[in-house]
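Report on the structure given below.
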Amino acid sequence: MSEPVPPTPEQNEPKRITVEMPRDLKAVYANMAFISHTPAEVILDFAQALPRTPRGSVVSRVVMSPVHAKILQMALAQTITNYERQYGEIRIPHQRPNLADDFFGTPQEGNE
């Protein structure tokens with residue numbers, strides 16, 4: 001049996017990837033997300049709905065591998081930690097049985 005060859009210094013350095021942002025890329029606002037999965041993919045559907053409106057619409061869909069979804073979860077957690085360190089705690093409204101009701105339902109007494 002041959003012994004494994006130790007990696008060279010070049011192999012240990014992370015490779016840099018240049019990512020281009022298209023000039024005509026339009027940002028979309030989403031205030032809802034639906035997350036589902038298959039054995040091979042995680043699907044994130046971002047939607048937009050106006051308060052007290054019975055309908056919303058999906059504005060973007062992102063499909064990624066479970067590994068990339070886990071890395072995204074970790075990156076979001078780190079970003080939120082950094083945000084809260086700089087701007088203070090992000091307060092989530094008192095939760096009703098369905099968190100979406102806090103944003104799209106009628107105001108409750110004392111929460112207006």
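Only heavy atoms go into these numbers, but all of them, side chains included; no hydrogens, no water, no symmetry mates.
For the pair Met64 and Val62, the minimum side-chain heavy-atom distance is below 4.5 Å. Contact annotation: the side chain of Ile43 never approaches that of Ile35 to less than 4.5 Å [non-hydrogen atoms, C-beta and beyond]. Side-chain contact between Val59 and Tyr29 is absent, with no heavy-atom pair separated by less than 4.5 Å. Residues Val63 and Leu44 have side chains not in contact (no heavy-atom distance under 4.5 Å, counting atoms from C-beta outward).
Scanning all heavy atoms of the two residues, the minimum distance from Pro66 to Pro39 falls at CG-O, 4.1 Å. The minimum heavy-atom distance between Glu20 and Pro22, with the atom names listed, is O-CD, 3.6 Å.
Within the 3.5 Å criterion, the main-chain N or O of Glu84 finds no donor-acceptor partner in the side chain of Glu89. A distance-only check finds a donor-acceptor pair linking the side chain of Thr38 to the backbone of Ala40 [under 3.5 Å]. For Asn31 (side chain) and Ala49 (main-chain N/O), a donor-acceptor pair under 3.5 Å exists by modelled atom type.
The line from OG of Ser57 to CD of Gln48 is 6.0 Å long, rounded to the nearest 0.5 Å.
Residues Leu25 and Val28 do not share a hydrophobic cluster, defined by chaining ILVMFWY side chains whose heavy atoms lie under 4.5 Å apart.
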I'd like a table of donor-acceptor pairs (distance under 3.5 Å, sequence neighbours excluded) in which one partner is a side-chain atom from residues 70-79, with atom names and distances.
{"from": "Gln78", "atom 1": "NE2", "to": "Asn82", "atom 2": "OD1", "distance (Å)": "2.9"}
{"from": "Thr79", "atom 1": "OG1", "to": "Ala75", "atom 2": "O", "distance (Å)": "2.9"}

